[in-house]
Amino acid sequence: MKLYEKYPISLTNSLSGKKEKFETLVPGFVGMYVCGPTVYNFVHLGNTRTFLSFDIISRYLRFLGYKVRYVRNITDVGHLVGDADEGEDKIGKKARLEQLEPMEIVKRYTEDFQNVMRQFNILPPSIEPSATGHIVEQINITKKLIDLGLAYEANGSVYFDVKKYNSSHHYGILSGRNIEELIESGRELDSQDEKREKIDFALWKKAAPEHIMRWPSPWGDGFPGWHIECTVMSTKYLGETFDIHGGGMDLKFPHHECEIAQATGANGKSPVRFWIHSNMLTVNGQKMSKSLGNSFLPSELFTGSHPLLEKGYSPMTVRFFMLQSHYSSTLDFSNEALNAAEKGFKKLNNALTLIKSLTHPSKITNQNSELEKTLLDQIDKCFQNMSDDFNTAKTLAVLFEMASQINTWANQKESLAQVSEDTFEKFKSTYIAMMEEVLGLKEETSGNNDLLDGTINVLIGLRKKVRADKNFALSDKIRDDLKAIGIKLKDGKEGEMSYEIE
RNA sequence: GACUGCGUAGCCAAGUGGUAAGGCGAUGGUCUGCAAAACCAUUAAUCGUGGGUUCGAUCCCCACCGCAGUCUCCA
């Protein structure tokens, strides 16, 4: 029996707004597509949260035994600048501002993005396709939609005919919007006169002469519309219908709605079985975004250089912080919350280090069947909580209980003999796996420098000596002076000493 | 204005038709020469307001208030 059969997943499908049982199109396999970043700037922490959420989802699916193909795109073309007069490519605009080639920008920010993902221990997707690598496919599907009568050309651009689509399908199925209201209340855009209706969206945009990124097409030189890339890339690598499509809440409308319309129009079937939307990271209750000026760069967070921060926080602290809330809730970001997370994570991290060093005495002396039952229950709960809409917050609550148990064992090694070796091993492997494989919380070690480690050990040796001599004044001075420079000495039960860098 | 979602202890944050996880903080204790860490115990929520359904609602429905997001590029 596969783990995914033992612990079947249920998840909230944005399409229905309800929690549903997760069933894959092909048994044992999962196709998952997530809207990736637009690489025209550094990724901020808000972006990171979304990718973390889907990192957890893909990790857990794999952990349960599914074979997962996870596709996350890189948008390196196609976004229109909102306040620009004409449909202008965001990347193209920035290129001119900085006097750089578009591809130079794309490369720089793609590398930054991937680097940040690595720091947070967010695993790379199976395929990371770029929009510019799929121009041909985007032209082809645009042609197909024209042939089907669902798109029309106007002045070198091609638009999707939403009203036409809506006559046989439901536009608004995902976002709950009403097409009539959209037509009435839609904002005037400058390319309005080209479009039949305000809500029609571009599949292909004609490039102005000064536009740098451009490709030849049957309609002249231009570039693809924003929504079409995701449809093309998801279809190409996952098929016309696939299991999971994810992204940030802010993409639900219009982006995902448009994707559904295009794909359904072109292929005659609904593209996605389960839509998952992750919620926003907020700062003082407001969405973190570049334009609001309240965004944090990951590097500012690690070093503490952002004016709103008191100090720096490690990547794993931040990762833990985000996992304490459910992906579908907004998460508010503050110094206080981050400090609490730092301490909480340290606790789990210490237990992780400890459990790795603990071994069972291989025989039971004074069996405690109640404890045994509790442990087995905790193991089971980890899976059940994760299978319940990837509830990392609930899972962490169990891990905290497990950490307490680990500390107890570490303090009283003889208590290990109260449970069977089999249960202990299960407990141990579950704790380690949940931490490292599923939640991706890597062990953070304080000593990472041999020279420093050696130096401190010399001081520890000295301190042991003077302590044995009952020279407490000197032993305290060694400890206090080290503490003053951020090194915390801890005396163990059996006279051993360890240290920790703060 | 329309649509979507949220409002739980000092702070962060889960969750449920039968009065509510966990973390941080606070208090007391154990351990320690003293600390730190750890362990034990204690602490704090009339679950935004007002109605309705129900034997019973914080969780279901309605209204209202407040907040956020989307409707324009956005994770």
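Everything numeric here is computed off the predicted structure, so don't read it as measured data. The sequence lines fix the lettering, A, B, ..., with proteins before strands; numbering per chain opens at 1.
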Engineer: Under 4.0 angstrom, heavy atoms only, what part of the nucleic acid is Leu489(A) near: base, sugar-phosphate, or nothing?
Structural biologist: base

Engineer: Both Phe51(A) and Tyr327(A) contact RNA chain B. Taking the nearest nucleotide for each, which residue is further toward the 5' end?
Structural biologist: Tyr327(A)

Engineer: Among all residues two or more places apart in sequence or in another chain, which pass the salt bridge (charged side-chain N to carboxylate O under 4.0 Å, His left out) test with Lys343(A)?
Structural biologist: none

Engineer: CD of Gln286(A) versus C1' of rG66(B): gap in Å, rounded?
Structural biologist: 15 Å

Engineer: Would Arg177(A) and Phe253(A) count as a cation-pi pair here, with the cationic atom under 6.0 angstrom from the ring centre and within 45° of the axis?
Structural biologist: yes

Engineer: To the nearest angstrom, how far is Leu474(A) atom CG from rG33(B) atom P?
Structural biologist: 18 Å

Engineer: Counting any heavy atom closer than 4.0 Å, what does His326(A) reach on the DNA or RNA strands: base, sugar-phosphate only, or nothing?
Structural biologist: sugar-phosphate

Engineer: Please state whether the phosphate of rA14(B), meaning OP1 or OP2, lies under 4.0 angstrom from any side-chain nitrogen or oxygen of Ser329(A).
Structural biologist: yes

Engineer: Is the phosphate of rA38(B) approached by Asn407(A) (side-chain N or O, under 4.0 Å from OP1 or OP2)?
Structural biologist: no

Engineer: Under 3.5 Å, is there a donor-acceptor pair between the Thr132(A) and Asp76(A) side chains?
Structural biologist: yes

Engineer: Specify the residues of residues 7-15 of chain A, ordered by number, for which at least one heavy atom lies under 4.0 angstrom from an atom of RNA chain B.
Structural biologist: none

Engineer: Does Arg177(A) contact rU70(B) through a side-chain donor or acceptor facing the base, at a distance under 3.5 Å?
Structural biologist: yes

Engineer: Donor-acceptor pair under 3.5 Å: do we get one between Asp480(A)'s side chain and the base of rC34(B)?
Structural biologist: no

Engineer: Is there any protein nitrogen or oxygen under 3.5 Å from a nitrogen or oxygen in nucleotides 21-25 of chain B, and what are the pairs?
Structural biologist:
{"unit_1": "rC24(B)", "atom_1": "OP1", "unit_2": "Lys347(A)", "atom_2": "NZ", "d": "3.4"}
{"unit_1": "rG25(B)", "atom_1": "OP1", "unit_2": "Lys343(A)", "atom_2": "NZ", "d": "3.1"}

Engineer: Quick one: label Gly46(A) by what it contacts on the DNA or RNA (base, sugar-phosphate, nothing), any heavy atom closer than 4.0 Å.
Structural biologist: base

Engineer: Applying a 4.0 Å non-hydrogen cut-off, can you work out what Arg49(A) is touching in the nucleic acid: base, sugar-phosphate, or nothing?
Structural biologist: nothing

Engineer: Mind checking if Leu281(A) touches a base, just sugar-phosphate, or nothing, with heavy atoms under 4.0 Å?
Structural biologist: base

Engineer: Under the 6.0 Å and 45° cation-pi test, does Arg196(A) pair with Tyr159(A)?
Structural biologist: no

Engineer: Find the distance Asn294(A):CG to rA75(B):P and express it as a whole number of Å.
Structural biologist: 14 Å

Engineer: Defining pairs by Watson-Crick or G-U wobble geometry with both distances under 3.5 Å, how would you list the stems of RNA chain B with at least three pairs each?
Structural biologist: B:1-7 with B:65-71, B:10-12 with B:22-24, B:25-30 with B:38-43, B:48-52 with B:60-64

Engineer: Identify whether any heavy atom of Gly17(A) sits under 4.0 Å from a base atom; if not, whether one sits that close to sugar-phosphate; answer base, sugar-phosphate or nothing.
Structural biologist: nothing

Engineer: Between rG28(B) and rC61(B), how far is it from one C1' atom to the other, in whole Å?
Structural biologist: 47 Å

Engineer: Side chain to side chain contact (heavy atoms under 4.5 Å, CB included) with Glu20(A): which residues, sequence neighbours excluded?
Structural biologist: Asn13(A), Ser16(A), Phe274(A)

Engineer: Measuring only the P atom in each nucleotide, how far is rC11(B) from rA2(B)? A whole number of Å is fine.
Structural biologist: 33 Å

Engineer: Assign Ser175(A) to base, sugar-phosphate, or nothing according to its heavy-atom contacts below 4.0 angstrom with the strands shown.
Structural biologist: sugar-phosphate

Engineer: With a cut-off of less than 4.0 Å, is there a side-chain N or O of Lys287(A) near OP1 or OP2 of rA75(B)?
Structural biologist: no

Engineer: Just to confirm, is there a sub-4.0 Å distance from OP1 or OP2 of rG15(B) to any side-chain nitrogen or oxygen of Asn391(A)?
Structural biologist: yes

Engineer: For the base of rA35(B), is there a side-chain donor-acceptor partner from Arg479(A) under 3.5 Å away?
Structural biologist: yes

Engineer: For Arg59(A), check side chain to side chain donor-acceptor pair (under 3.5 Å) against everything at least two apart and list the hits.
Structural biologist: Asp55(A)

Engineer: Select base, sugar-phosphate, or nothing to describe what Asp332(A) touches, counting heavy atoms under 4.0 Å on all strands.
Structural biologist: sugar-phosphate

Engineer: Once you round it to whole Å, what is the distance between P of rA75(B) and CG of Leu297(A)?
Structural biologist: 14 Å

Engineer: Say we look at rA57(B) and rU4(B): how far apart would their C1' atoms be, to the nearest angstrom?
Structural biologist: 24 Å

Engineer: Select base, sugar-phosphate, or nothing to describe what Ser325(A) touches, counting heavy atoms under 4.0 Å on all strands.
Structural biologist: sugar-phosphate

Engineer: Ignoring hydrogens and angles, are the base of rG33(B) and the side chain of Asp476(A) linked by a donor-acceptor pair under 3.5 Å?
Structural biologist: yes

